[in-house]
Amino acid sequence: MTDLLPARARIFVAGHRGLVGSAVARRLTADGHEVLIRPRTDLDLRDSAATAAYLRDTRPDAVVLAAARVGGIMANSTKPVQFLEDNLAIQLSVIAGAHAAGVPRLLLLGSSCIYPRLAEQPIREDSLLTGPLEPTNEAYAVAKIAGVVQIQSYRRQYGAAYISCMPTNLYGPGDNFDLATSHVLPALIRRFHEAARSGAPTVTLWGSGAPRREFLHVDDLASALALLLRVYDQDEPINIGCGEDLSIRDLAETVRDVVGYEGSISWDTSKPDGTPRKLLDVSRLNDMGWRPAVALREGIASVYREWRDASEKVAP
Ligand SMILES: NC(=O)C1=CN([C@@H]2O[C@H](COP(=O)(O)OP(=O)(O)OC[C@H]3O[C@@H](n4cnc5c(N)ncnc54)[C@H](OP(=O)(O)O)[C@@H]3O)[C@@H](O)[C@H]2O)C=CC1
Ligand SMILES: C[C@H]1O[C@H](OP(=O)(O)OP(=O)(O)OC[C@H]2O[C@@H](n3cnc4c(=O)[nH]c(N)nc43)[C@H](O)[C@@H]2O)[C@@H](O)[C@@H](O)C1=O
C-alpha cells in the first residue's frame with residue numbers, strides 16, 4: 001500500500017478539542033506528525049474567508065475534518081436547522097479552502113447515520129442513498145451526505161486525494177456528558193452515577209431500549225484514521241466500526257453494572273428510539289488489516305473512571 005502522507009506531515013486537525021479531534025491529535029502526534037490546531041474562538045470554520053486565509057497561510061500536508069455540530073438523538077431532533085446549516089457551512093468552507101490552498105490530502109468524518117433507516121444489516125457502503133433516512137437525524141445526515149458528494153466531486157473534477165469515512169457510534173475520553181445534547185453512552189454513565197450518588201430508586205432512560213447500536217472507542221477510531229490517511233484513496237466512503245452491536249437495554253445493564261448502581265431502570269417511550277439498528281459492514285477496512293483493540297466493557301469502565309474523577313475534582 002503506497003504512503004499518501006509524508007513521514008512527518010503537518011496536519012491540521014479541525015475540531016481538535018472534540019471527542020474525535022482530540023483522539024486524532026493524540027494519535028498523529030504519537031506517530032511523529034506535527035498537528036496544527038486552531039481554537040474555535042480564533043477561527044470559526046463556518047467563515048469561509050477566514051478559513052481559506054488560515055489554510056493558505058499554513059498550507060498543511062493534510063486536513064482531518066473532525067469539526068462539526070454534533071449531538072445525540074434529541075439534539076438532532078430539536079435543532080435540524082443548525083445541524084444542517086452549520087455542518088454544510090463547515091464542510092463547504094474547509095474542503096474548498098483546503099483545495100484552494102493546494103492542500104494535497106483531506107479526510108472528512110461522516111457518520112453511520114447517513115445510511116437509510118432500514119438498510120440491510122450489516123450496512124455496506126454501497127447502500128448509501130438507496131432508501132429513506134432516519135427522521136430524527138435527517139438534516140444532519142443530509143449535510144453529511146453533501147460532504148461525501150463534495151469530496152467525490154473534488155476527486156472527479158480535480159483529481160484531489162480527498163477521502164471520507166463513516167464511523168459508527170463513538171465513545172471515549174472527552175465525550176459530551178450534557179444530558180440534553182449527548183449521545184446515549186455518556187448519558188447512561190452520568191445518569192447511573194448521579195442516581196447512585198443521590199440514592200435515587202429508579203433511572204429513567206429514553207425510548208424502549210430495543211434499538212441496537214454499535215460502539216467504537218475513539219482511540220480505535222484514531223488508529224483507523226491514521227491508517228486511512230496514509231493508504232486510502234478511493235471515491236467511496238469507508239465504514240469504521242467494531243463489527244458487533246447490542247441493544248440499548250443491554251448497554252444500560254452494562255453501564256449500571258460498571259457504575260455499581262443498584263436501583264431499577266424505567267423507559268420513557270415518549271422519547272424517540274431512532275433507527276432500529278445501524279451495524280456497519282467493516283470488511284473493507286478489515287481487509288486492510290485494521291482491527292479495534294478496546295473491548296466495550298473495559299472502554300466504558302475507563303471512560304467512567306476518568307469522567308467521575310474529573311467531575312468530582314470540580315465539585316466534590
Ligand atoms: N460522536 C459520535 O458518536 C460520532 C461522531 N462522528 C463525527 O465525528 C466528527 C466529530 O464528532 P465529535 O468529536 O463527536 O464531536 P464534538 O462535538 O466532540 O467535537 C466537535 C468539534 O468541532 C468543533 N466545532 C464545531 N463547530 C465549529 C465551528 N463552527 N468552528 C470551529 N470548530 C467547530 C468543536 O469546537 P468547540 O469544542 O470549541 O465547540 C469541537 O471541537 C463529526 O463530524 C461527527 O459527525 C461520526 C460518528 C459518530
Ligand atoms: C452517532 C450517530 O447516531 C446518533 O443517533 P443515535 O445513535 O440514535 O443517538 P443516541 O446515541 O442519542 O441514541 C441512541 C439510542 O439510545 C436511546 N437512549 C436512551 N436513553 C438515552 C439518553 O439518556 N440519551 C440519549 N442520547 N439517548 C438515549 C435513544 O432513545 C436511542 O434509541 C445521531 O444523532 C448522530 O449523532 C450520529 O451521527
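Excluded from the calculations below are hydrogen atoms, water molecules and symmetry mates; all remaining heavy atoms, backbone and side chain alike, are included. Ligands are counted one by one from 1 in listed order, and the atoms in each one are counted from 1 as well.
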Would you mind finding which of [options] brings a heavy atom closest to [atom]?
atom                    : options                      : answer
atom 7 (C) of ligand 1  : Ala66, Ser182, Gly110, Gly21 : Gly110
atom 47 (C) of ligand 1 : Asn169, Val64, Val94, Thr168 : Thr168
atom 13 (O) of ligand 1 : Leu43, Val13, Leu216, Val20  : Val20

- ligand 2 contacted by Glu134 (non-hydrogen, < 4.0 Å): no
Residue [X] vicinity, atoms of ligand 1 by number, heavy atom under 4.0 Å:
X     : result
Gly15 : 21 (C), 22 (O), 41 (O)
Asp44 : 28 (C), 29 (N), 30 (N)
Arg46 : 29 (N)

- Message: Against Arg212, only a single residue in Asp250, Thr275, Asp245 fulfils side-chain hydrogen bond (donor to acceptor under 3.5 Å, both in side chains); can you say which?
- Response: Asp245
Contact (N/O only, under 3.5 Å) between [X] and ligand 1:
X      : result
Ser111 : no
Gly174 : no
Lys144 : yes
Gly18  : yes
His16  : no
Arg17  : yes
Leu65  : no
Leu19  : yes
Leu170 : yes

When you measure from [atom] to every protein heavy atom, which one gives the shortest distance, and what is it?
atom                    : result
atom 28 (C) of ligand 2 : Val184 CG2, 3.5 Å
atom 31 (C) of ligand 2 : Asp273 O, 3.3 Å
atom 19 (C) of ligand 2 : Trp206 O, 3.1 Å
atom 12 (O) of ligand 2 : Ile73 N, 2.8 Å
atom 1 (C) of ligand 2  : His183 NE2, 3.4 Å
atom 4 (C) of ligand 2  : Lys278 NZ, 3.6 Å
atom 25 (C) of ligand 1 : Ala68 O, 3.2 Å
atom 33 (C) of ligand 2 : Asn137 ND2, 3.4 Å
atom 37 (C) of ligand 2 : Ser111 OG, 3.5 Å
atom 11 (O) of ligand 1 : Val70 CG2, 3.5 Å
atom 39 (O) of ligand 1 : Arg40 NH1, 2.7 Å

- With heavy atoms and a 4.0 Å threshold, my read on which part of Asp86 contacts ligand 1 is neither
- Determine whether the side chain, the backbone, both or neither of Tyr140 has a heavy atom under 4.0 Å from any heavy atom of ligand 1. side chain
- Quick one: does Arg155's side chain have a donor or acceptor within less than 3.5 Å of a partner on Asp233's backbone? yes
- Item | Asn286 (side chain) donor-acceptor with Trp290 (main chain) under 3.5 angstrom | yes
- Query: Any Lys/Arg nitrogen of Arg46 or Glu85 sitting under 4.0 Å from an Asp/Glu carboxylate oxygen of the other?
  - Reply: no
Side chain, backbone, both or neither: the part of [X] lying under 4.0 Å from ligand 2 by heavy atom:
X      : value
Met74  : neither
Pro272 : backbone
Asn76  : side chain
Arg191 : side chain
Ala75  : neither

- Message: For the residue pair Ser266 / Thr202, report whether a side-chain donor-acceptor contact shorter than 3.5 Å exists.
- Response: no
- Strictly by modelled atom types, are Asn239 and Tyr115 linked by a side-chain donor-acceptor pair under 3.5 Å? yes
- Test salt bridge (Lys or Arg N to Asp or Glu O under 4.0 Å) on Glu214 and Lys278 and set out the steps. CA-CA 7 Å; Glu214 176 186 19; Lys278 44 181 174 173; over 6 Å; no
- Message: Is there a continuous path of hydrophobic side-chain contacts, each under 4.5 Å between heavy atoms, that joins Tyr232 to Ile11?
- Response: yes
- Query: Taking both backbone and side-chain atoms of Ile248, is any N or O found less than 3.5 Å from an N or O belonging to ligand 2?
  - Reply: no
